[in-house]
Visitor: 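One structure, as structure tokens, below. Some questions next.
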There are 2 protein chains.
Amino acid sequence: MAATKDPRPCSIADALTLVGEKYSLLVLREVCLGNGRFDQLVRNIGAPRDILATRLRRLVEAGILTKRAYSERPQRYEYRPTQAGLELEPVLMTLMAWGDRHLRKDDDRPMVIEHICGNELVPLVTCQACGGTVDHADLTAHPQAPGWTVAGPSAA
Amino acid sequence: MAATKDPRPCSIADALTLVGEKYSLLVLREVCLGNGRFDQLVRNIGAPRDILATRLRRLVEAGILTKRAYSERPQRYEYRPTQAGLELEPVLMTLMAWGDRHLRKDDDRPMVIEHICGNELVPLVTCQACGGTVDHADLTAHPQAPGWTVAGPSAA
DNA sequence: CCTGTGAGTTGGAAAATCAAACCCATTAAG
DNA sequence: CTTAATGGGTTTGATTTTCCAACTCACAGG
């Protein structure tokens, strides 16, 4: 009998094993803001230095960040997002918008993002095909993995 | 001098204190799929039962899930997303799309989402004002919190 | 009566986090 | 020349979480 330990195969889960650990998405936030230096990350995120070092290694090896020297003698490094890292920014924006809407009173947003169009960014998640916004009621899930239905594993 | 422990005030960080712990977003995934029962969550997520119980309590108290009895005698409960919970689904869809693009070869997506328009959902994050997609190069951040610049704390 | 299901709780070992101190190279100040 | 500061970490030891298996409780079925 197989192990009772095969969770649903899922790209959300896979993405979270890379960026779901504590502080990882905050590292990405700072790095996208242009703050890629170690001490800056420590101050702006408030994470322990050793944990931060671990996360940075992991994000670099995952291809989400790159480490580059901005000075030889003395050697000094900074972290910058890769293309894959930059493509996580929409996730951050969507999460920030959710936090602004549900966790704050009125308009006390700690950060406003300006879009190139000149307006304040209010991110919407839309369907590429029809352009409509993505709402729960409009979605139907189709698991592709063999042995899995929406409800769970079939015929264990 | 103040404590050296005031991280940047940020709705991303605040949102992550609620849904950033291990398994929390996977719980939301399952609950959005309609799988709100305890043993179903254990099987489909692969999380330890005690941790799951802790997460469920937290998500309920945060107003992201509700606990409902679907049977008295014997008492049996299920968890369902609140409106706030449903509004996190776009975050999940965006994260899933990122995982599909960057963590998988070709078209071996473990799950396909169908939009009501009849097409496969490819989520795009767009600007509500102009409708354009959200790319890093088009964004400018404006911190609103006193004492904070994009780079970090000003004049501690 | 014995077994099974659903929804958890309990106990103890293993792993991760935390804060503070330390290290190394280089530059700046007195 | 000695002392202090900066940047980018590593080390150490105490505290928290996580993990896993076993257990509980209430009811239902055969």
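Computed over heavy atoms, backbone and side chain alike; hydrogens, waters and symmetry mates excluded. A note on names: the letters A, B, ... follow the listed sequences, proteins ahead of strands, and every chain is numbered from 1.
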Visitor: Which donor-acceptor pairs under 3.5 Å do the side chains of residues 44-54 of chain B make with protein atoms, sequence neighbours left out?
Guide:
unit_1, atom_1, unit_2, atom_2, d
B:N44, ND2, A:A151, O, 2.9
B:N44, ND2, B:E30, OE1, 2.9
B:R49, NH2, B:D39, OD1, 3.0
B:T54, OG1, B:D50, O, 3.0

Visitor: Can you tell me how far P of C:dC18 sits from CD1 of A:I45, to the nearest Å?
Guide: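 Atom-to-atom, A:I45 to C:dC18, this comes out as 12 Å.
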
Visitor: Looking only at atom types and distance, does a side-chain atom of A:R109 sit under 3.5 Å from a main-chain N or O of A:A97, one as donor and one as acceptor?
Guide: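 Pair absent, no side-chain N/O of A:R109 close to backbone of A:A97.
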
Visitor: Report yes if a side-chain nitrogen or oxygen of A:K67 is closer than 4.0 Å to either non-bridging phosphate oxygen (OP1 or OP2) of D:dG8; otherwise report no.
Guide: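 For A:K67, the contact criterion (side-chain N or O under 4.0 Å from OP1 or OP2 of D:dG8) is not met.
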
Visitor: In this structure, would B:W98 and B:L139 fall into the same cluster of hydrophobic residues linked by side-chain contacts under 4.5 Å?
Guide: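 B:W98 clusters together with B:L139.
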
Visitor: Can you name the atoms? Protein N/O to nucleotides 13-18 of chain D N/O, anything below 3.5 Å, with the distance.
Guide:
unit_1, atom_1, unit_2, atom_2, d
D:dT18, OP1, B:R55, NH2, 2.7

Visitor: Both A:A47 and B:Y70 contact DNA chain C. Taking the nearest nucleotide for each, which residue is further toward the 5' end?
Guide: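 The residue mapped nearer the 5' terminus is B:Y70.
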
Visitor: Under a 4.0 Å heavy-atom cut-off, which of residues 56-66 of chain A touch DNA chain C?
Guide: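 Those residues whose heavy atoms fall under 4.0 Å from DNA chain C, taken from residues 56-66 of chain A, amount to none.
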
Visitor: Evaluate the side chain to side chain donor-acceptor pair (under 3.5 Å) criterion for residues A:Y23 and A:E21: first the C-alpha distance (whole Å), next the side-chain angles of each, then the deciding distance (0.1 Å), finally the verdict.
Guide: CA-CA 6 Å; A:Y23 304 121; A:E21 292 169 299; over 6 Å; no

Visitor: Give the intermediate values and the outcome of side chain to side chain contact (heavy atoms under 4.5 Å, CB included) for residues B:T126 and B:V134.
Guide: CA-CA 5 Å; B:T126 60; B:V134 168; 5.6 Å; no

Visitor: Phosphate oxygens OP1/OP2 of C:dG8: is one of them under 4.0 Å from a side-chain N or O of B:Y79?
Guide: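 Checking B:Y79 against C:dG8: at least one side-chain N or O falls below 4.0 Å of OP1 or OP2.
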
Visitor: A cation-pi test, strictly: NZ or CZ of B:R37 under 6.0 Å from the centre of the six-membered ring of B:Y70 and no more than 45 degrees from its axis. Yes or no?
Guide: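 Yes, B:R37 lies over the aromatic ring of B:Y70.
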
Visitor: Heavy-atom distance under 4.5 Å between the side chains of B:L56 and B:L65, does that happen here?
Guide: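 B:L56 vs B:L65: side chains touch.
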
Visitor: Quickly work out the A:E72 CD to C:dC24 C1' distance and round it to whole Å.
Guide: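 Going from CD in A:E72 over to C1' in C:dC24 covers 17 Å.
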
Visitor: Quick one: do A:L26 and A:F38 end up in the same hydrophobic cluster if we chain Ile, Leu, Val, Met, Phe, Trp and Tyr together by side-chain heavy atoms under 4.5 Å apart?
Guide: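 Same hydrophobic cluster.
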
Visitor: What is the per-nucleotide protein-contact pattern of nucleotides 23-30 of chain D, from the 5' end, where B denotes a base atom under 4.0 Å from a protein heavy atom, S denotes such proximity for sugar-phosphate atoms only, and - denotes neither?
Guide: ---BSS--

Visitor: Looking at residues 25-40 of chain A, who's got a heavy atom less than 4.0 Å off DNA chain C?
Guide: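 Nothing qualifies; none.
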
Visitor: Hey, what do you get for CZ (A:R101) to CD (B:E87), rounding to the nearest 0.5 Å?
Guide: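 Here the rounded value is 4.5 Å.
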
Visitor: Surrounding CZ of A:R58 (heavy atoms of other residues, nucleotides or ligands, distance under 6.0 Å), is the total greater than 12?
Guide: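 More than 12 within 6.0 Å, yes.
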
Visitor: Please report the shortest heavy-atom distance between A:L28 and A:G85, naming the atom on each side.
Guide: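 A:L28 and A:G85 have their closest heavy atoms at CD2-O, 3.8 Å.
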
Visitor: Going by the rule salt bridge (charged side-chain N to carboxylate O under 4.0 Å, His left out), which residues pair with B:R43 if we only count those two or more places apart in sequence or in a different chain?
Guide: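 Once residues adjacent in sequence are excluded, B:R43 has no partner under the salt bridge (charged side-chain N to carboxylate O under 4.0 Å, His left out) criterion.
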
Visitor: In this structure, how many angstroms lie between the C1' atom of D:dG9 and the CD atom of A:E78, rounded?
Guide: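 In whole Å, D:dG9 C1' lies 16 Å from A:E78 CD.
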
Visitor: Is there a side-chain contact between B:T140 and B:H142 (heavy atoms, below 4.5 Å)?
Guide: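 Yes; the side chains approach each other to less than 4.5 Å.
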
